[in-house]
Amino acid sequence: MRSEATSSSSWLGRIPPTATSAPSGGSDKFRHFIFFSSSCCKTTNTISCGSNGPTTHSSSSSPSTRSYSRRWYNPLRRKPFDEPSPDVLRHWIDADPNPISSDERFSVVSYNILGDKNAFKHRDLYQNVRYEYMKWNRRKRLICQELIGLNPDIICMQEVDRYFDILNVMEKVGYAGCYKRRTGYNVDGCAMFWKADKFRLLEQTSIEFKEFGLRENVAQLSAFEMRNTKSRRVLVGNIHVLYNPNRGEVKLGQICFLSSRARIVAEKWGNIPVVLAGDFNITPQSAIYKFLSSSELNIKSYDRRDLSGQRSCHLAQVFEVKKEIINPFAAMDRLLPNGWTDEEVKVATGNAQCYLAVHPLKLNSSYASVKGSPRTRGINGEPLATSYHSKFFGTVDYLWYTKGLVPTRVLDTLPVDILRRTGGLPCKKLGSDHLALVSEFAFAEAINECNDYMSTSSEKIAMH
């Protein structure tokens with residue numbers, strides 16, 4: 001699955017041709033958290049995650065080491081292990097107003113499932129989590145049950161190092177899949193699954209960012225065609241952006257390259273719409289988030305170490321604990337030089353002489369486009385948290401889309417108080433330290449046709 005090696009130079013001038021593979025086999029705007037609050041009074045459809053997998057509830061209410069035991073013990077933990085786990089219930093939120101769109105719809109999941117090796121390599125991140133909750137067989141069962149219960153059409157996974165374990169389960173329920181492992185010594189990568197009876201794979205290509213001097217991360221691009229309506233096509237991208245909070249220039253370079261490649265593949269298949277899913281390792285308040293949503297960013301105005309916004313999401317900062325306890329070097333860090341070297345500029349923008357980073361896609365976030373509850377959403381509409389462990393609480397996962405699609409509904413994330421009661425993820429009912437994002441999309445040609453008609457009519461009226 002590795003691509004052919006190429007000589008190193010500016011990645012903007014080195015976009016190789018893609019490889020083609022052979023085709024393969026009237027509700028309420030809000031549905032309340034009926035189990036979170038006793039004040040709810042409407043019938044609700046919610047999704048519950050547990051040891052038996054997700055279940056849909058309809059209800060109403062009225063007014064690996066031998067010494068692991070010591071290594072995983074955390075004497076500062078306030079919540080005892082035997083405390084009852086909170087109900088993990090998520091609900092669907094419909095778009096408001098319900099957009100004019102076609103009847104052909106499909107759902108996409110983005111899910112960082114926490115690689116098995118990483119779960120034990122970074123034990124300090126899960127000091128509040130029972131050892132049994134970290135075991136892969138248990139987590140795999142929870143993750144697969146959750147996904148099967150959600151019944152999505154396309155699944156984008158990140159941090160996958162047991163691909164065939166998951167494939168064996170998903171194939172039995174009608175999914176086909178593809179996988180791209182990270183380069184170097186890393187054992188995890190990105191995986192994509194889709195319903196084989198609903199979508200035909202037109203093209204699948206993978207990106208190894210190492211070829212362009214952008215570290216060991218990888219990404220996937222898959223062009224699909226709906227089997228029952230061959231005119232409906234969509235390109236889905238899947239990426240796990242570099243984690244390192246201090247390397248904002250690499251994050252920018254990876255996102256720029258993925259976007260540029262996505263545009264080429266989308267144009268090849270008739271300017272089809274695009275969905276970009278993944279763990280972008282940036283927060284909604286960050287400069288890189290603004291870059292994704294606005295298509296450009298002048299990096300000269302920023303410190304590359306702050307581009308992702310991750311450094312402001314330590315638990316101590318999020319929950320208003322004394323910051324110096326968690327980040328004692330913060331003051332010293334601010335004194336370090338924050339200028340950009342020519343090499344860093346080249347990595348970020350593709351040109352050492354250009355400080356303006358740009359990408360060719362007009363992107364919108366599905367979650368920010370569908371208004372949610374203040375208990376789960378931030379000021380810009382994104383979830384308050386999609387990931388929670390002992391050193392991070394915040395949002396880094398997204399589902400972006402382009403013109404030609406409209407989100408019709410999203411599966412809302414969990415409220416902050418419910419997440420905090422788990423003590424950290426994974427937990428008894430969730431198999432990863434991230435929450436799965438789910439969005440349903442509809443093709444928006446009907447809107448375009450309506451707008452074109454209105455524009456034509458207005459021109460005719462003006463002529464008369």
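Computed from heavy atoms alone, side chains included, the values below leave out hydrogens, waters and symmetry copies.
Taking the centre of each ring, F193 and Y163 come in below the 6.0 Å mark. Centroid-to-centroid, the aromatic rings of H434 and Y111 stay 6.0 Å apart or farther. Between F224 and W194, the ring centre distance stays below 6.0 Å.
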- Determine, stepwise, if the pair I282 / L292 fulfils side chain to side chain contact (heavy atoms under 4.5 Å, CB included). CA-CA 10 Å; I282 61 168; L292 276 159; 3.6 Å; yes

- Task: Assess whether salt bridge (charged side-chain N to carboxylate O under 4.0 Å, His left out) is satisfied between D197 and R227, documenting all intermediate values.
- Result: CA-CA 7 Å; D197 63 345; R227 291 185 179 275; over 6 Å; no

- Message: Y175 vs K195, test: side chain to side chain contact (heavy atoms under 4.5 Å, CB included). Steps then yes/no.
- Response: CA-CA 5 Å; Y175 287 88; K195 287 184 177 179; 3.6 Å; yes

- Task: Could you go through the salt bridge (charged side-chain N to carboxylate O under 4.0 Å, His left out) check for R232 and E225 one step at a time?
- Result: CA-CA 6 Å; R232 302 297 189 187; E225 180 179 76; over 6 Å; no

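With hydrogens and angles left out, the side-chain atoms of Y401 and S369 include a donor and acceptor closer than 3.5 Å. Q158 and N112 share no donor-acceptor pair across their side chains, judged by distance under 3.5 Å alone. A side-chain donor-acceptor contact under 3.5 Å links T408 and E440. Side chain to side chain, K251 and Q310 meet the donor-acceptor criterion of an N or O pair below 3.5 Å.
Checked for salt-bridge contact, D94 and R409 miss the test: no charged N lies under 4.0 Å from a carboxylate O. By the 4.0 Å N-to-carboxylate-O rule, K346 lies too far from E249 to be salt-bridged with it. In this structure, R181 does not pair ionically with D188, as no charged nitrogen and carboxylate oxygen lie closer than 4.0 Å. Salt bridge R182/E208: absent, no basic N to carboxylate O contact under 4.0 Å.
Summarising the geometry of L419 relative to A385, their closest heavy-atom pair is CD1-CB, 3.8 Å, with the distance given to 0.1 Å. Looking at every heavy atom in both residues, T283 comes nearest to C313 through CG2-SG, 3.6 Å.
The aromatic rings of H389 and Y126 lie perpendicular to each other, with more than 60° between the two planes, well past the 30° mark. The aromatic rings of Y289 and W400 sit tilted, their planes meeting at an angle between 30° and 60°.
Atom NZ of K117 has 12 or fewer heavy atoms from other residues, nucleotides or ligands within 6.0 Å. More than 12 heavy atoms of other residues, nucleotides or ligands sit less than 6.0 Å from atom CG of N228. Crowding of Y243 atom OH: a count of heavy atoms from other residues, nucleotides or ligands under 6.0 Å not exceeding 12.
Of the candidates R375, K371, R90, R377, R377 is the only one forming a salt bridge (Lys or Arg N to Asp or Glu O under 4.0 Å) with D412.
Because its NZ or CZ atom is not both nearer than 6.0 Å to the ring centre of F443 and within 45° of the ring axis, R105 does not count as a cation-pi partner of that residue.
At least one donor-acceptor pair closer than 3.5 Å links the side chain of W340 to the backbone N or O of I299.
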